[in-house]
Amino acid sequence: MSTAANAPRPSVMQLNIKDKAALHAAYIPFFADGGIFVPTAREYRLGDDVYVLLSLPDEPQRYPVAGRVAWVTPARAGGNRTQGVGVQFPKDDKSLQLKLKIEEILGPMLGADKPTQTI
């Protein structure tokens with residue numbers, strides 16, 4: 001019988017995004033509450049809980065995100081895609097503020113047809 005006490009702890013990943021182009025490539029706007037693609041060679045499954053420390057361009061602060069894996073790009077994926085996971089932001093006020101901040105930084109780039117890490 002599984003209980004919260006013996007559930008595995010979420011793994012911690014760090015993602016330091018240096019510029020708007022990298023943010024555009026990593027941001028996942030089609031997740032209702034927002035999300036971010038994190039390159040990683042580690043194997044994850046859909047639904048895994050993860051903890052991401054996210055740094056945005058020109059921001060000294062790191063944003064903690066307790067999210068869930070909602071996208072997996074496996075090793076050797078087609079189209080030269082980077083291996084990693086899409087982390088869906090949780091449905092809470094801190095994540096909503098982060099989503100709004102990312103969308104404010106990206107501005108008109110959000111509607112651009114440039115390819116991203118996920119679609």
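For the numbers below, each heavy atom of this structure counts, side chains included, while hydrogens, waters and symmetry mates do not. Only a predicted model underlies this, so the values are computations on that prediction, with no experimental measurement involved.
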Visitor: Given side chains that start at C-beta, do those of Ile36 and Val65 come closer than 4.5 Å, heavy atoms only?
Guide: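 A side-chain contact under 4.5 Å is absent here.
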Visitor: Would Val69 and Tyr51 show up in the same hydrophobic cluster when neighbours are defined by side-chain heavy atoms closer than 4.5 Å?
Guide: no
Visitor: With sequence neighbours excluded, tell me which residues meet salt bridge (charged side-chain N to carboxylate O under 4.0 Å, His left out) with Asp92.
Guide: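 Here no residue qualifies.
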Visitor: Nearest 0.5 angstrom please: Ile28 CD1 to Ile102 CD1, how far?
Guide: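 If I round to the nearest 0.5 Å, the distance is 10.0 Å.
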Visitor: Taking all non-hydrogen atoms of both residues into account, name the closest pair between Phe31 and Ala70 and its distance.
Guide: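 Minimum heavy-atom separation between Phe31 and Ala70: CZ-CB, 3.6 Å.
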Visitor: Do Lys20 and Ile105 touch side chain to side chain, with heavy atoms closer than 4.5 Å?
Guide: yes
Visitor: Output all residues satisfying side-chain contact (heavy atoms from CB on, under 4.5 Å) with Ala77, sequence neighbours left out; order by chain, then residue number.
Guide: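 For Ala77, the residues satisfying side-chain contact (heavy atoms from CB on, under 4.5 Å) (neighbours in sequence not counted) are Thr73, Pro74, Arg81.
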Visitor: Check Pro57 against Leu23 and note the closest heavy-atom contact, atom names and distance.
Guide: CD-CD2, 4.3 Å
Visitor: Would you please name every residue forming a side-chain contact (heavy atoms from CB on, under 4.5 Å) with Leu96, sequence neighbours left out?
Guide: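 For Leu96, the residues satisfying side-chain contact (heavy atoms from CB on, under 4.5 Å) (neighbours in sequence not counted) are Leu100.
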Visitor: Please list, chain by chain and in numerical order, all residues satisfying side-chain contact (heavy atoms from CB on, under 4.5 Å) with Gln97, sequence neighbours excluded.
Guide: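 With sequence neighbours excluded, Gln97 shows a side-chain contact (heavy atoms from CB on, under 4.5 Å) to no residue whatsoever.
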Visitor: Quick check: closest heavy atoms across Tyr63 and Leu98, and the distance to 0.1 Å?
Guide: CG-CD1, 3.8 Å
Visitor: If you round to the nearest 0.5 Å, how far is CZ of Phe89 from CG of Leu54?
Guide: 6.0 Å
Visitor: With sequence neighbours left out, what residues match Glu59 under salt bridge (charged side-chain N to carboxylate O under 4.0 Å, His left out)?
Guide: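 For Glu59, the residues satisfying salt bridge (charged side-chain N to carboxylate O under 4.0 Å, His left out) (neighbours in sequence not counted) are Lys101.
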Visitor: Quick check: does any side chain N or O of Gln83 sit under 3.5 Å from a backbone N or O of Ala41, one acting as donor and the other as acceptor?
Guide: yes
Visitor: For Lys99 and Pro29, which heavy atoms make the closest approach, and how far apart are they?
Guide: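 For Lys99 and Pro29, the tightest heavy-atom pair comes out as NZ-O, 4.3 Å.
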Visitor: How long is the straight-line distance from CD of Glu104 back to CG of Leu56, given to the nearest 0.5 Å?
Guide: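 Rounded to the nearest 0.5 Å, the CG-CD separation comes to 11.0 Å.
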Visitor: Checking Arg68 side chain against Gly47 main chain: does a donor-acceptor pair fall under 3.5 Å?
Guide: yes
Visitor: Please give me the minimum heavy-atom distance between Glu103 and Tyr27, naming the atom from each residue.
Guide: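 Looks like OE2-OH, 2.6 Å.
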Visitor: Pro90 and Gly67: which non-hydrogen atoms are nearest, and at how many Å?
Guide: CD-CA, 4.3 Å
Visitor: Show me the side-chain donor-acceptor pairs of residues 10-17 shorter than 3.5 Å, one per line, residues at least two apart or across chains.
Guide:
from, atom 1, to, atom 2, distance (Å)
Ser11, OG, Tyr44, OH, 2.6
Gln14, OE1, Arg62, NH1, 3.0

